[in-house]
Amino acid sequence: MINDLRLTDNFNLKEFECRCCKQVKIDSELVFILQRLRDTINRPVIVTSGYRCVRHNKEVGGVENSYHLQGLAVDIVVDMNLERLADLARSVGFRGIGIYRNFLHLDLEPVRTWRG
Ligand SMILES: [Zn+2]
């Protein structure tokens with residue numbers, strides 16, 4: 001049950017584990033900045049994808065060199081306008097931001113924004 005480890009006020013290691021095999025690897029700066037975003041918006045942040053093993057990444061159609069494979073990216077769902085959320089994510093330190101229809105992809109570098 002080590003993955004029940006609390007990382008920050010609102011995030012637990014378990015939330016970042018691979019959905020298929022429960023392996024986990026997640027960058028501490030990424031979690032720290034995610035908590036900063038959580039504090040800024042003050043509403044629930046649901047992590048829909050954190051770390052992914054190679055197999056799971058393929059299953060969900062992730063790109064071959066996805067940052068999820070290195071624990072350097074998260075996908076989140078928040079009940080708010082995602083363009084607004086993307087602006088706030090940028091302001092707290094996320095540098096790579098993918099805006100999708102119902103979730104945001106966040107990572108640390110390089111600086112870029114895309115819509116998927
Ligand atoms: Zn897996």
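Ligands are counted one by one from 1 in listed order, and the atoms in each one are counted from 1 as well. Throughout, residue positions are numbered sequentially from 1 according to the sequence presented.
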In the protein, N/O/S atoms that are found under 2.8 Å from the Zn ion (ligand 1), waters not counted
Cys18 SG, Cys20 SG, Cys21 SG, Cys53 SG
Can you see which heavy atom on Arg19 is nearest to which on Ser49, and at what distance?
NH2-N, 3.9 Å
Should side-chain heavy atoms under 4.5 Å link Ile, Leu, Val, Met, Phe, Trp and Tyr, which residues sit in the same cluster as Ile46?
Val77, Tyr100, Phe103, Trp114
Asp75 side chain vs Thr48 backbone, donor-acceptor pair below 3.5 Å:
no
Taking the side chain as C-beta and beyond, is there a heavy-atom pair between Leu30 and Val74 under 4.5 Å?
yes
Co-members of the apolar cluster containing Val63 [side chain, <4.5 Å]
none
Listed partners of His68 passing ring-ring contact (aromatic ring centres under 6.0 Å, His included), at least two apart
His105
